[in-house]
Structures are given as structure tokens and as C-alpha cells.
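All of these numbers come straight from a predicted model, not from anything done at the bench.
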Amino acid sequence: MMISGGGGGGGGKSSWSSSTSSWVPTTSVSASGKRIQREMVELNNDPPPDCSAGPKGDNLYHWIATIIGTPETPYQGGIFFLDIKFPIDYPFKPPEVVFKTRIYHCNVDPDGRVSMGILKDDWSPALTITKVLLEVRSIMTNPDPYNAVVPGIAHLYSGDRAKHDDIAAEWTVRFAK
């Protein structure tokens, strides 16, 4: 027998309970939201050099960041946009950081996902989004070819730095200016 009237779930209670079973309790969401708000205030009061970030629209858990390419690097003068998504259990889990601007870099996969220790196993709840932005900016200056997600770029960086830098600079001009 079909019960009508609960919307697209086949009946009120079973639809409601299955959709809410994956929800995190409100207190947990509130605690992570307060932490993100506090970090946003700190970031606005004392932004890292050549970096900015803030919520995308009204969503406190989805930010847009900008990093200006550091002088004396192949990324010099580029404007790089990143998406930052905070998990609901932040700061106990790291944010996801994705370059929206294409970048030629051994620590950034073809989909733009940044691969660095503090966004994986080296994450600590003591870290902040300001420290994450500083670390992303740091790998733009000093890539880590030993922990690369694009081995071909890492190999070129280690074997022919001048050619690597030329290609990275070409990508910067093409995609980030």
C-alpha cells in the first residue's frame, strides 16, 4: 500500500528519518561555524601577504581565496583563485583546497586539488586557514617534487628547472593574467 503526501520519499516518517540520519547534531555544526567565523575575523585583521579569502555568498563552509603569484617565481604576477571547502567537522578534519585557476605545479593535480601534508596526514586542529594559505603560497615558491601528484612535472622540476619554470610561466600568462 502506498502512503501519499510526504513528498518524494514514499511517506512521511521513513523519508524524514533517512534524510536526517546523516545530519550532524546542531551543536557540532555550530562549534565548527564559530571556529570558521573566528578564523575569518583573524584573516581579515591580519591577512597573509598576497592572499585573501572569504565565504562564497552566504555559505560559511565554502570560501573563495585569491593568491597573487610571488615575484621571482614562474607564477609572478598571476592571480590564482582557489575554492576552499570546510568539512562539517572542521577543525578536526582539514579543508579541501582546489585551484580554480589552472597552474603548472607538481603538487596540484589536473583537477586543481592541492596535495600537501597539512591537508592530509599532517593536519592538526591547531592549524588555521591562514596557515593553509601561507603553506599553499610556500609551495608555489618551493614545490615538493618528492611528494608530487604529477610525476612528470616533478621530474622536469628536478631535472631541468629552467624548462620547468618556462612552462610554468607560460601557464601563468595563459591562465592567471
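Hydrophobic clustering, with ILVMFWY side chains joined whenever heavy atoms are under 4.5 angstrom apart, keeps W63 apart from I79. The cluster map of Ile, Leu, Val, Met, Phe, Trp and Tyr, joined by side-chain heavy atoms under 4.5 Å apart, puts F99 and L119 in the same cluster. Cluster annotation: I118 and M140 are assigned to the same hydrophobic cluster (Ile/Leu/Val/Met/Phe/Trp/Tyr, side-chain heavy-atom contacts under 4.5 Å, transitive). Under the 4.5 Å side-chain heavy-atom criterion for ILVMFWY residues, a single connected hydrophobic cluster contains both I88 and L127.
Residues satisfying the ring-ring contact (aromatic ring centres under 6.0 Å, His included) test with F81, not counting sequence neighbours, are none. Scanning for side-chain contact (heavy atoms from CB on, under 4.5 Å) contacts around D111 gives D109, R113, with sequence neighbours left out.
Looking at heavy atoms from C-beta onward, Y75 lies in side-chain contact with I103 at the 4.5 angstrom threshold. With contacts defined as side-chain heavy-atom distances shorter than 4.5 Å, the pair N107/V114 does not qualify. Looking at heavy atoms from C-beta onward, P94 lies out of side-chain contact with K120 at the 4.5 angstrom threshold. W123 has its side chain within reach of P95: a pair of non-hydrogen atoms, C-beta onward, lies under 4.5 Å apart. Between D83 and V97 there is no side-chain heavy-atom pair separated by less than 4.5 Å. Residues H62 and I84 have side chains not in contact (no heavy-atom distance under 4.5 Å, counting atoms from C-beta outward). Side-chain atoms of L156 and I167, non-hydrogen and from C-beta on, do get closer than 4.5 Å to each other.
In terms of modelled atom types and a separation under 3.5 Å, the side chain of T172 and the main chain of P74 share a donor-acceptor contact. With hydrogens and angles disregarded, a donor-acceptor distance shorter than 3.5 Å links the side chain of Q76 to the backbone of E72. Looking only at distances, no side-chain donor or acceptor of S138 sits under 3.5 Å from a matching main-chain atom of L134. A donor-acceptor pair is defined here as one N or O able to donate and one able to accept, closer than 3.5 Å; such a pair exists between the side chain of T128 and the backbone of K131.
Across L60 and G33, no two heavy atoms sit closer than the pair CD2-O, 3.4 Å.
Sequence neighbours left out, the pairs with a member in residues 154-177 that pass ring-ring contact (aromatic ring centres under 6.0 Å, His included) are Y104-H164, Y104-W171, Y157-H164, W171-F175. The list of salt bridge (Lys or Arg N to Asp or Glu O under 4.0 Å) pairs with a residue in residues 162-177, not counting sequence neighbours, reads R161-D165.
Atom CD of E96 sits about 6.0 Å away from atom NZ of K85, to the nearest 0.5 Å.
A side-chain donor from one of Y61 and S32 sits under 3.5 Å from a side-chain acceptor of the other.
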Throw together a table of side-chain donor-acceptor distances under 3.5 angstrom for residues 144-154, partners on residues two or more places apart or in other chains.
{"residue": "D144", "atom": "OD1", "partner": "Y146", "partner atom": "N", "Å": "3.2"}
{"residue": "D144", "atom": "OD2", "partner": "N147", "partner atom": "ND2", "Å": "2.7"}

Kindly list each side-chain donor-acceptor pair under 3.5 angstrom involving residues 39-49, sequence neighbours excluded, with atom names and distances?
{"residue": "E39", "atom": "OE1", "partner": "Y90", "partner atom": "OH", "Å": "2.9"}
{"residue": "E39", "atom": "OE1", "partner": "I129", "partner atom": "N", "Å": "2.7"}
{"residue": "E39", "atom": "OE2", "partner": "R35", "partner atom": "NE", "Å": "2.5"}
{"residue": "E39", "atom": "OE2", "partner": "R35", "partner atom": "NH2", "Å": "3.1"}
{"residue": "E39", "atom": "OE2", "partner": "Y90", "partner atom": "OH", "Å": "2.7"}
{"residue": "N44", "atom": "ND2", "partner": "M40", "partner atom": "O", "Å": "3.3"}
{"residue": "N45", "atom": "ND2", "partner": "V41", "partner atom": "O", "Å": "3.4"}

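Evaluated for a side chain to side chain contact (heavy atoms under 4.5 Å, CB included) with S52, the options I64, L133, T66 yield exactly one hit, T66.
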